[in-house]
Each structure stands twice: as structure tokens, then as C-alpha cells.
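In listed order, ligands and their atoms are each counted from 1. Side chains included, hydrogens not; waters and symmetry mates left out as well; all remaining heavy atoms used.
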Amino acid sequence: MTELSDKERLRYSRHLLLKEVGEQGQLMLKQAHVAVVGCGGLGSPALFYLAASGIGRLTFIDNDDVELSNLQRQILYKINHLGQGKTRAASKVLASLNNEITLTPINARLTQDNVAELLNEADIVLDCSDNFNTRYLLNAYCRAANKVLIAGAAIATQGQLMCFDFRAESPCYACVFPMDSQASTENCDNFGVISPLLGIIGAQQALLTINVLLGHHQGSLFSVLDGLSLQQKPYRLTKNSECECCGLK
Ligand SMILES: [Zn+2]
């Protein structure tokens with residue numbers, strides 16, 4: 001196992017003080033590869049914290065350009081990024097935060113044809129997307145590839161945090177949200193969303209990622225955060241015997 005440099009020991013000193021992380025844990029983060037799909041409202045805080053925490057390799061995928069209406073919540077971007085590709089802008093911002101990690105920006109839309117190639121090497125996949133096609137695609141891929149999928153969602157004043165741990169038998173996203181029941185147009189663009197809610201859920205995705213990497217969390221998880229009362233409620237996930245995705249095998 002490689003070692004931390006003196007500079008890294010200083011940079012991550014507040015992690016090294018924790019018995020839950022320590023030098024061994026920080027080395028595990030350094031050797032990890034996390035992929036983030038979607039660099040918008042959830043991807044921004046998730047990527048900021050994963051980069052700051054010292055995840056050694058970050059792949060992030062998006063094919064949108066930065067628009068003025070994004071700046072209400074997509075905290076990676078600034079006025080001078082307007083019109084630029086999100087992954088290119090994100091890469092510059094993250095590199096200025098931490099130049100000791102490997103950043104792989106991918107300006108593409110995730111499809112059935114490229115999903116395996118783009119995510120194959122990732123230890124954990126974060127779904128920070130804003131559409132159901134990508135969600136179902138990621139769910140089916142991670143399930144088949146036995147990867148951990150950590151998904152976030154936020155619409156209006158409600159946020160959701162989900163972990164599907166496909167390293168073992170697990171319910172899947174389509175067990176909770178059957179493929180035929182979703183209004184496919186439901187996203188922030190037409191429903192709106194309260195800005196800091198994305199920060200909370202995106203940061204929770206990053207924290208859960210670290211917990212999984214360090215062995216502090218395993219198994220699936222589903223919780224709903226009410227942005228008005230700030231109550232976050234966990235739900236028990238169960239397999240849906242009629243799930244289209246689990247039925248495919
Ligand atoms: Zn399922």
C-alpha cells in the first residue's frame with residue numbers, strides 16, 4: 001500500500017485525527033475510484049466533498065453547458081463559466097481545490113452503449129442525474145455489475161437519499177419506483193427545487209460514499225428529507241416481486 005506524503009498528512013489532518021478514518025482510512029480513500037453521473041445540483045456538493053476528502057480518482061459525467069438558471073443551486077459554477085461545458089468547468093474548479101487527485105471529466109450523455117465502458121472501473125457510482133432514463137440505466141448497470149449505487153434526488157421541498165448495495169442481494173431502484181409509474185418529465189426544470197436541499201442530499205451522498213469505502217456502511221438505505229420541517233425519515237427497502245429490472249436477471 002502506498003503512503004501519504006507529508007503534504008497529504010497535513011491536508012487530511014482532520015481525517016487522520018478520527019479513529020473512524022485515520023491514516024489507513026485516508027489511504028483507502030486515496031485508492032478509491034468514484035464515478036458521479038450528473039454534475040448539477042447534487043453532483044456539485046458531492047464532487048466538492050469527495051475531492052476535498054481525498055478520493056484518489058473521480059470520474060464525472062455530464063453533457064450540459066452551464067446556464068444562468070443553474071447558478072441558483074449548482075454551486076460548482078460561477079458567472080465566468082456560463083456557456084462552458086459543465087464537466088470542463090467542474091474540472092477546473094475541483095483541480096483548484098485539490099491537485100493531488102486524478103480527475104476524469106467526461107462530456108457525454110450516459111447511454112446503454114457507453115455505460116459499461118465509462119463506469120466499469122468505478123468502485124462506487126453516484127446517481128446525481130435529473131431524469132428517470134438515466135436513473136433506470138444506472139440501476140440496471142450497477143445491479144448487473146454488482147456495484148454500490150448511491151442515488152440522490154430533490155424536487156420542490158423534498159429530498160431522497162438512496163443506497164443500493166448490489167455487492168449482495170438487494171432491492172433495486174425499480175423495486176421502489178416501478179418503471180411504468182414515473183412521470184418521466186418530473187425534474188427540477190419544470191417543478192422547481194429549494195436550493196440548499198440539493199446541498200444537503202449531495203453532501204449526504206458524499207458522506208455515504210466515504211462510509212461505504214471505509215466499511216462503516218453496507219446494505220441498502222432509503223430516506224426522505226422534508227425540506228420544510230427538516231425531518232429525515234428512513235424507510236425499509238424490500239424487493240418487489242414484480243420488479244421489471246430484478247425480473248430480467
Ligand atoms: Zn428491482
Under 2.8 Å from the Zn ion (ligand 1) - protein N/O/S, by chain and number
C172 SG, C175 SG, C243 SG, C246 SG
Would you say Q26 and H15 are linked by a side-chain donor-acceptor pair, where the criterion is simply a distance under 3.5 Å?
yes
Donor-acceptor pairs are to be reported for all side-chain atoms of residues 98-108 against protein atoms at under 3.5 Å, with residues two or more places apart or in another chain.
from : atom 1 : to   : atom 2 : distance (Å)
N98  : OD1    : E100 : N      : 3.0
N98  : ND2    : Y12  : OH     : 2.9
N98  : ND2    : A51  : O      : 2.8

Any side-chain heavy-atom pair of L118 and T59 under 4.5 Å
no
Return the CG to CD distance between L110 and Q112, rounded to the nearest 0.5 Å.
9.5 Å
Can S129 and N131 be counted as having a side-chain donor-acceptor contact under 3.5 angstrom?
no
Would you give the length of the straight line joining atom NZ of K239 to atom OG of S170, rounded to the nearest 0.5 angstrom?
7.0 Å
